[in-house]
Amino acid sequence: MSYLTKIIGTKIEEVSRMEPIDITMTEPIALLNRMRDGFHIISEIKRSSPSKGMIREDVNVAERARQYEQAGATMISVLTDTTYFNGSFEDLQQVADVVTIPVLCKDFIIDERQLDYAKHYGASVALLIVAALHPKRLHELTRYARSIGLDVLVEVHDEAELHIALELDDVLIGINNRDLKTFEVSLETSIDLMERYPDVTFVSESGVSTVEAAARLKEAGASAILVGEALMREENPTRLLEELKTCSLKFVD
Ligand SMILES: O=C(O)c1ccccc1NCC(=O)[C@H](O)[C@H](O)COP(=O)(O)O
C-alpha cells in the first residue's frame with residue numbers, strides 16, 4: 001500500500017467524525033493573479049513529517065507566522081493533519097489570526113467538510129492533490145472550494161497529473177518534488193515540467209533547503225517555492241527566508 005493510500009484511509013475515518021461547522025462565505029482572493037509576477041516564498045508551519053520524523057516540537061506558531069510575514073513570505077502554509085504531521089486546525093487559526101497574508105490549509109482533502117473546516121479556521125487557500133482524488137471529485141471539490149471563497153492550490157507529481165490540473169479553471173498549480181512512494185525529493189521533477197510548460201504559473205514544492213536550490217528553480221521558471229523543513233529547522237527563519245526570496249544564480253558559487 002502506498003503511503004498516500006494509507007493517509008487517505010485515515011482521512012476517510014476522520015471525515016466521518018467531523019461535525020458540520022459554520023462558515024462565512026467570501027470571494028476567493030485571486031491567488032493566481034498574485035503569483036503571476038515576481039518570485040514568491042510560501043513558508044510552511046511543519047512540526048514533523050512521515051519522512052523526517054520530528055522537525056521542531058515546541059513551536060510558537062503565531063510568533064513563527066509573524067516572522068515569516070515580516071521576512072517577506074507571500075503566503076503561509078499550515079499542515080493541519082494531526083496523525084502524520086502533528087498539525088491541527090488550531091494551528092491554522094493561530095496563524096490566520098496574526099497575519100495579513102493568505103494562509104494555505106495543507107492537508108489531504110477528500111471531502112467538502114474539510115474545506116468548510118479550512119474556511120472556518122481562517123484559510124484563504126486549500127490544497128487539493130491530484131493523486132488523491134478521482135478527476136471528477138477534483139472538479140467538484142475545486143468548484144465547492146471556490147464557491148465558499150477558498151482559492152485552490154492543485155498539487156501534481158508528473159505530466160499526466162498536470163494535464164488533469166490544467167483542465168481546472170483559476171487554480172494555482174504546485175509541482176511536488178517529493179515522490180510519495182519513496183519520499184525521495186528531486187528538484188528535476190519541477191524543473192522538467194516547468195521547462196516543458198513555460199506559460200504555466202507554477203509553485204515548486206518540497207526539498208528546497210538552500211539558496212542555490214531556490215535559484216535553480218527560479219531560473220527554470222518557478223513563480224514560487226513552498227518551503228517547510230529548511231525554515232522550520234532554523235531557530236530564527238528570517239535570514240534564510242530573505243535569502244531565498246532574493247536568490248539569484250549569479251550569487252551562488
Ligand atoms: O514531508 C513529508 O514527509 C511528506 C510525506 C508524505 C506526504 C506529504 C509530505 N509532505 C507534505 C509537503 O508537501 C511538504 O510539507 C511541503 O511541500 C514542504 O516540503 P519541505 O520543504 O521538503 O519540508
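Just so you know, ligand 1 is whichever comes first in the structure, and atom 1 is the first atom listed for that ligand. Numbers here simply count residues along the sequence, with the first being 1. What you see is a predicted model, and the numbers here were worked out from it, not measured in a lab.
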Residues 109-117, side-chain donor-acceptor partners within the protein, below 3.5 Å, at least two apart:
from, atom 1, to, atom 2, distance (Å)
Asp111, OD1, Arg113, N, 2.8
Asp111, OD1, Arg113, NE, 3.4
Glu112, OE1, Arg137, NH2, 2.9
Glu112, OE2, Arg137, NH1, 3.1
Arg113, NH1, Val15, O, 3.1
Gln114, OE1, Ile110, N, 2.7
Gln114, OE1, Asp111, N, 3.0
Gln114, NE2, Phe108, O, 2.9
Asp116, OD1, Tyr144, OH, 2.6
Asp116, OD2, Tyr144, OH, 3.4
Tyr117, OH, Glu19, N, 3.3
Tyr117, OH, Glu19, O, 2.7

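Between Arg196 and Glu159, at least one side-chain N (NZ, or NE/NH1/NH2) sits under 4.0 Å from a carboxylate O, which counts as a salt bridge. Of the charged side-chain nitrogens involved, at least one lies within less than 4.0 Å of a carboxylate oxygen, so that Lys11 and Glu14 count as a salt-bridged pair. A salt bridge links Glu140 with Lys136; the closest basic N to acidic carboxylate O contact falls under 4.0 Å. Salt-bridge check for Glu229 with Lys52: passed, with a basic side-chain N closer than 4.0 Å to an acidic carboxylate O.
In terms of protein heavy-atom proximity, atom 1 (O) of ligand 1 is nearest to Lys46 NZ, 2.9 Å. The nearest heavy-atom contact from the protein to atom 21 (O) of ligand 1 is Gly228 N, 2.8 Å. The nearest heavy-atom contact from the protein to atom 11 (C) of ligand 1 is Lys106 NZ, 3.7 Å. Closest to atom 2 (C) of ligand 1, if we only count protein heavy atoms, is Ser51 OG, 3.5 Å. Atom 5 (C) of ligand 1 has its closest protein heavy atom at Phe183 CE2, 3.7 Å. In terms of protein heavy atoms, atom 9 (C) of ligand 1 is closest to Phe85 CZ, 3.5 Å.
The side-chain hydrogen bond (donor to acceptor under 3.5 Å, both in side chains) with Ser206 is formed by just one residue from the set Glu155, Glu44, Arg178; it is Arg178. Among Leu153, Ile225, Val185, the one residue that satisfies the side chain to side chain contact (heavy atoms under 4.5 Å, CB included) test with Glu205 is Leu153.
Residue contact annotation: Tyr3 has no non-hydrogen atom under 4.0 Å from ligand 1. Residue contact annotation: Ala230 has no non-hydrogen atom under 4.0 Å from ligand 1.
Annotation for ligand 1: atoms under 4.0 Å from non-hydrogen atoms of Glu229 are 20 (P), 21 (O), 23 (O). Residue Val227 has at least one heavy-atom neighbour below 4.0 Å for each of these atoms of ligand 1: 21 (O). Which parts of ligand 1 touch Leu226 is read off a 4.0 Å heavy-atom cut-off, strictly below it: atoms 16 (C), 17 (O), 18 (C). Interface atoms of ligand 1 facing Asn176, defined by a heavy-atom separation under 4.0 Å, are 13 (O).
In this comparison of Ser206, Ser204, Ala132, Gly53, the heavy atom closest to atom 17 (O) of ligand 1 sits on Ser206. For atom 7 (C) of ligand 1, the choice among Leu180, Asp81, Leu231, Ile55 with the nearest heavy atom turns out to be Leu180. Ranked by closest heavy atom to atom 14 (C) of ligand 1, the top entry among Glu44, Glu205, Arg233 is Glu44. Of the candidates Glu155, Lys181, Lys6, Arg178, Arg178 brings a heavy atom nearest to atom 10 (N) of ligand 1.
Applying the side-chain hydrogen bond (donor to acceptor under 3.5 Å, both in side chains) test to pairs two or more places apart or on separate chains, those with a residue in residues 95-106 are Glu69-Thr100.
Taking every heavy atom of both residues into account, Ile29 and Arg34 meet most closely at O-NE, 3.3 Å.
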Exercise for the section: Start with the C-alpha gap between Val156 and Asn176, add the side-chain angles, then the distance that decides, and say whether side chain to side chain contact (heavy atoms under 4.5 Å, CB included) holds. Expected result: CA-CA 6 Å; Val156 305; Asn176 202 324; over 6 Å; no
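Interatomic distance, OG of Ser43 versus NZ of Lys245, reported as 10.0 Å (0.5 Å rounding).
In terms of polar-atom proximity, defined here as any N/O pair under 3.5 Å, Gly207 does make such a contact with ligand 1.
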